[in-house]
Amino acid sequence: MSSRSQEQNQSPGGLDPYLSRTLFLLLLLAASTPSAKACLVYNSGNGSSINCHPTAEPPHHLPADTVYLAVEFFNLTQLPANILQGASNLQELHLSNNRLENLSAEFLLPVPQLKVLDLTHNALSQLPAGLFQASAALHTLVLKENCLEVLRALWLNGLKALAYLDLSGNRLQMLPPGLLANLTALQILDLGDNQLEVLPSDLLRGPLRLERLHLESNRLRVLGGDLLAPQPGLRYLFLQNNSLATVAAGAFQGLKELDMLDLSDNLLTSVPTGLWASLGQPARAMKEGFDISSNPWVCDKNLDDLYRWLVANNDTMFSRKDTLCAGPEDMKGRVLLEVARSQ
Ligand SMILES: *[C@@H]1O[C@H](CO)[C@@H](O)[C@H](O)[C@H]1NC(C)=O
Ligand SMILES: *[C@@H]1O[C@H](CO)[C@@H](O)[C@H](O)[C@H]1NC(C)=O
Ligand SMILES: *[C@@H]1O[C@H](CO)[C@@H](O)[C@H](O)[C@H]1NC(C)=O
Ligand SMILES: *[C@@H]1O[C@H](CO)[C@@H](O)[C@H](O)[C@H]1NC(C)=O
Ligand SMILES: *[C@@H]1O[C@H](CO)[C@@H](O)[C@H](O)[C@H]1NC(C)=O
Ligand SMILES: *[C@@H]1O[C@H](CO)[C@@H](O)[C@H](O)[C@H]1NC(C)=O
């Protein structure tokens, strides 16, 4: 079949297929231009969900039945005044990718049923005390990628139901004592990608059952014996990409259910005897695995305890080929697990 007869076969109406598709798209654009400034509204059985992205106009009033509002990617430095007034059923509020620098203490008063607040990628350097005084239903609070350098325990007052707190990607250098003292429902805490050098030893006193703790990509140098003790149910612990050179012998002692540990990318040359006793085999498998790669391990007798533990837990070890001896001289570059097996 020649290519010409193929073309003829494909356009029975005589109109070139490319041209007809272009016309269709133009019609579609013309039809949608008048409504391009409105937000998308979707009515679920429970109420209205409102999605606003550029180039729509951010809303100034919300229907009283609004349960979900997203106003994202506008680079807004301020929200329309009283935007939440009258939307007392609001459950989720997504304000990511704006440039909000502050919020008023009264901002959330109209929405006591709010469950999710996402403020990812704004410019918040502080929060007003009392912001969450009426937020007893808030379950998820995301403050990731803002400009927080300090936190105050008062800012978090009222968050009785908070299960997920994400403070990652800020500029936190230290945390105040008692920060989480009243957050009894907290399950996931993300403090990753900050500038933390030390943590208050009481940090984890308060939550009754933390499951996941993110401390990766900070500047921690020491892991003390007290920090993790209040959280026997912790299952995931992320400590990679810090400057840890010292881990206290009892640091993991209180952990009874750890399924995953990441200690990669630190400055560990050795670890104290007994550190691993409560983790992994023989007590129970560390189901999701562990990573101790990219540390300058000094493979001498001081690692005997670690060697035994590694062999017993070899099947859940990540990055084996990157878990190497950095010393002493004659051991440089050896694979730690192989050294352990040869003991
Ligand atoms: C509606 O509300 C019920 C009960 O709160 C909830 O289980 C369900 O997921 C909601 N549906 C939608 C579409 O939001
Ligand atoms: C927001 O800022 C980003 C980064 O400067 C830019 O790429 C984007 O186009 C801006 N969006 C709006 C809606 O102004
Ligand atoms: C945010 O801060 C600016 C400058 O300090 C102030 O003028 C404004 O009223 C504040 N806005 C809110 C909502 O607190
Ligand atoms: C914890 O809550 C109590 C009672 O509401 C309050 O008095 C106290 O200041 C709170 N503590 C912190 C550290 O927020
Ligand atoms: C490690 O942490 C530093 C900040 O401490 C960060 O800039 C870098 O991206 C992190 N590296 C990885 C691989 O996450
Ligand atoms: C690797 O771990 C498995 C499961 O814990 C264990 O049975 C086995 O003996 C270990 N292998 C070596 C070579 O030690």
Side-chain angles (χ1 to χ4, degrees), residues 36-37 39 51-59 70-80 94-101 105 120-123 127-136 138 141 144-162 165 167-186 189-208 214-221 230 238-245 262-268 291-295 318-319 322:
K37 286 216 177 288
C39 302
N51 266 290
C52 305
H53 294 96
T55 55
E57 194 76 35
V71 180
E72 298 177 302
F73 295 96
F74 283 102
N75 303 337
L76 293 177
T77 53
Q78 290 209 305
L79 293 167
H94 297 263
L95 296 170
S96 81
N97 293 284
N98 284 296
R99 298 204 179 133
L100 303 174
E101 289 171 17
T120 299
H121 206 84
N122 274 281
L127 299 176
L131 177 62
F132 301 111
Q133 58 194 300
S135 300
L138 199 69
L141 173 58
K144 180 178 167 168
E145 293 166 21
N146 276 276
C147 307
L148 299 168
E149 288 176 19
V150 292
L151 292 175
R152 308 219 179 285
L154 274 180
W155 295 352
L156 303 181
N157 259 0
L159 292 170
K160 294 190 176 71
L162 195 68
L165 176 58
L167 290 160
S168 64
N170 279 278
R171 300 170 189 168
L172 298 170
Q173 292 180 8
M174 53 208 295
L175 301 173
L179 180 67
L180 310 176
N182 287 341
L183 303 190
T184 52
L186 199 62
L189 174 62
D190 194 339
L191 288 163
D193 211 358
N194 276 287
Q195 298 165 16
L196 297 166
E197 292 179 11
V198 289
L199 299 172
S201 63
D202 74 349
L203 179 66
L204 302 183
R205 263 177 240 149
L208 297 177
H214 287 268
L215 291 167
E216 70 269 22
S217 299
N218 278 284
R219 299 172 183 172
L220 300 173
R221 292 184 303 257
F238 300 90
L239 285 162
Q240 71 270 24
N241 195 22
N242 276 281
S243 303
L244 290 172
D262 197 342
L263 274 169
S264 62
D265 272 302
N266 276 288
L267 299 175
L268 296 168
D291 194 335
I292 58 169
S293 65
S294 302
N295 280 283
F318 288 119
S319 313
D322 297 317

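Order of appearance sets the numbers: ligands from 1, and atoms from 1 within every ligand. These numbers come from a predicted model, not from an experiment.
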Item to complete: Might you check, step by step, whether the distance between atom 7 (O) of ligand 2 and some protein heavy atom is under 4.0 Å?
Response: no
Worksheet item: Does the protein put a heavy atom under 4.0 Å from atom 11 (N) of ligand 5?
Response: yes
Practice prompt. Could you list which atoms of ligand 2 come closer than 4.0 Å to a heavy atom of F73?
Written response: 13 (C)
Nearest heavy-atom pair of [X] and [Y]: which atoms, and what distance?
X    : Y    : result
S96  : E72  : OG-OE2, 2.9 Å
T120 : E145 : CG2-OE1, 4.2 Å
L220 : L239 : CD1-CD2, 4.3 Å
P59  : C52  : CD-SG, 3.5 Å

Worksheet item: Can you find a heavy atom in the side chain of L175 that is under 4.5 Å from one in the side chain of L191?
Response: yes
Any idea which protein heavy atom is nearest [atom], and the distance to it?
atom                    : value
atom 4 (C) of ligand 5  : S217 O, 4.2 Å
atom 14 (O) of ligand 4 : N157 OD1, 2.8 Å
atom 5 (O) of ligand 2  : R99 NH2, 3.3 Å
atom 3 (C) of ligand 4  : N182 ND2, 3.5 Å
atom 13 (C) of ligand 4 : G178 O, 3.5 Å

Practice prompt. Give a yes-or-no answer on whether the side chains of D322 and S294 include a donor-acceptor pair shorter than 3.5 Å.
Written response: no
Discussion item. Evaluate N241 for polar contact with ligand 5, using N/O atom pairs at a separation under 3.5 Å.
Written reply: yes
Discussion item. So, taking the atom named CG in L165 and the one named CG in L180, what distance separates them when rounded to the nearest 0.5 Å?
Written reply: 7.0 Å
Worksheet, complete the sentence: dist C147:SG -> L100:CG (nearest 0.5 Å) comes out at 11.0 Å
Item to complete: Run down the list T55, N75, N97 and name the one with the heavy atom closest to atom 1 (C) of ligand 2.
Response: N75
Worksheet item: What part of H53, side chain, backbone, both or neither, has a heavy atom within less than 4.0 angstrom of ligand 2?
Response: neither
